[in-house]
**Student:** 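Below you'll find the structure I mean.
Heavy-atom basis, side chains included; hydrogens, waters and symmetry copies ignored. Heads up: numbering here begins at 1 and tracks the sequence. Keep in mind that this is a model prediction, so the values were computed, not measured.
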Amino acid sequence: MHKIVKIALVVVGLIGAVLWFMLPESEMPAADAAGSGSLNAMFWITYLLLGLAVVFSLVFALKNLFSNPANLKKTLFVVVGFLVVVGIAYVLSNGTDVNIQEMADRGIETSETTVKRIGAGINVFFILTVIAVGAMLWGGARKTIIKK
């Protein structure tokens, strides 16, 4: 399997190098260059490699997660904790967290639901910031108090 991956990477690298030399000249207008076949092929290779990286990362992360019950339990606690923070933030947002007139001037939807979701996002950010700072302070204080 390792040899197959190496060969595939060499082939993709060679295709990329050939496409690099087939790119349009710098004097070509941007609109014409954007329609270039070699440029589109390079984008497709990039999308393919990015998609493969995402899929393999997810597969191996989930495999490792489900192979150890202790890790699965910790992950579930973190996910549930995050969902609780999001729920609290949504309840705390009152729909007046942002300037509605400024949003309307920029062409952004200004419904009550949208404004409440934006406020919830802002509240999630602040709550998680407070939790992170608290965790750092707690860890520092604990190290200072309990010296080994």
Side-chain angles (χ1 to χ4, degrees), residues 1-23 30 33-148:
M1 182 69 171
H2 189 63
K3 286 184 179 184
I4 294 171
V5 171
K6 279 187 173 183
I7 292 170
L9 289 175
V10 168
V11 168
V12 169
L14 288 174
I15 292 171
V18 168
L19 290 172
W20 177 266
F21 288 109
M22 293 174 58
L23 285 175
S36 166
S38 58
L39 189 64
N40 287 334
M42 289 182 85
F43 278 125
W44 279 106
I45 290 173
T46 303
Y47 297 147
L48 175 71
L49 292 176
L50 181 64
L52 286 173
V54 168
V55 167
F56 281 112
S57 296
L58 285 174
V59 166
F60 286 115
L62 291 175
K63 179 185 163 213
N64 288 336
L65 181 68
F66 289 114
S67 67
N68 188 349
N71 285 346
L72 182 60
K73 185 177 178 182
K74 287 179 186 178
T75 302
L76 287 176
F77 277 127
V78 170
V79 169
V80 169
F82 181 72
L83 291 175
V84 167
V85 167
V86 169
I88 291 170
Y90 190 78
V91 169
L92 290 176
S93 67
N94 55 11
T96 61
D97 302 294
V98 294
N99 188 342
I100 295 174
Q101 184 60 41
E102 192 172 321
M103 286 177 58
D105 291 343
R106 293 184 180 195
I108 301 172
E109 180 186 347
T110 57
S111 68
E112 183 179 340
T113 306
T114 303
V115 174
K116 191 161 175 85
R117 286 180 186 164
I118 292 171
I122 293 169
N123 289 341
V124 166
F125 172 76
F126 287 134
I127 291 170
L128 292 178
T129 301
V130 167
I131 290 171
V133 169
M136 288 188 292
L137 291 175
W138 174 259
R142 204 165 129 214
K143 268 187 180 177
T144 307
I145 293 171
I146 305 172
K147 290 189 176 181
K148 291 184 181 182

**Student:** Can you check whether Ser93's main-chain N or O pairs, donor with acceptor, with Lys116's side chain at less than 3.5 Å?
**Tutor:** yes
**Student:** Looking at every heavy atom in both Ala89 and Asn123, which two are closest together, and how far apart are they?
**Tutor:** O-ND2, 3.3 Å
**Student:** With sequence neighbours excluded, what pairs up with Phe82 under the side-chain contact (heavy atoms from CB on, under 4.5 Å) test?
**Tutor:** Val86, Val124, Leu128
**Student:** If you take all heavy atoms of Ser67 and Asn64, which pair is closest and at what distance?
**Tutor:** OG-O, 2.9 Å
**Student:** Are Leu65 and Leu62 packed together at the side-chain level, in the sense that at least one heavy-atom pair is separated by less than 4.5 angstrom?
**Tutor:** yes
**Student:** Side-chain donor-acceptor contacts of residues 69-81 below 3.5 Å, not counting sequence neighbours, with atom names and distances?
**Tutor:**
residue : atom : partner : partner atom : Å
Thr75   : OG1  : Asn71   : O            : 2.8

**Student:** Cut-off 3.5 Å, no hydrogens considered: what does the side-chain donor-acceptor table look like for residues 45-58, sequence neighbours left out?
**Tutor:**
residue : atom : partner : partner atom : Å
Thr46   : OG1  : Met42   : O            : 2.8
Ser57   : OG   : Ala53   : O            : 2.7

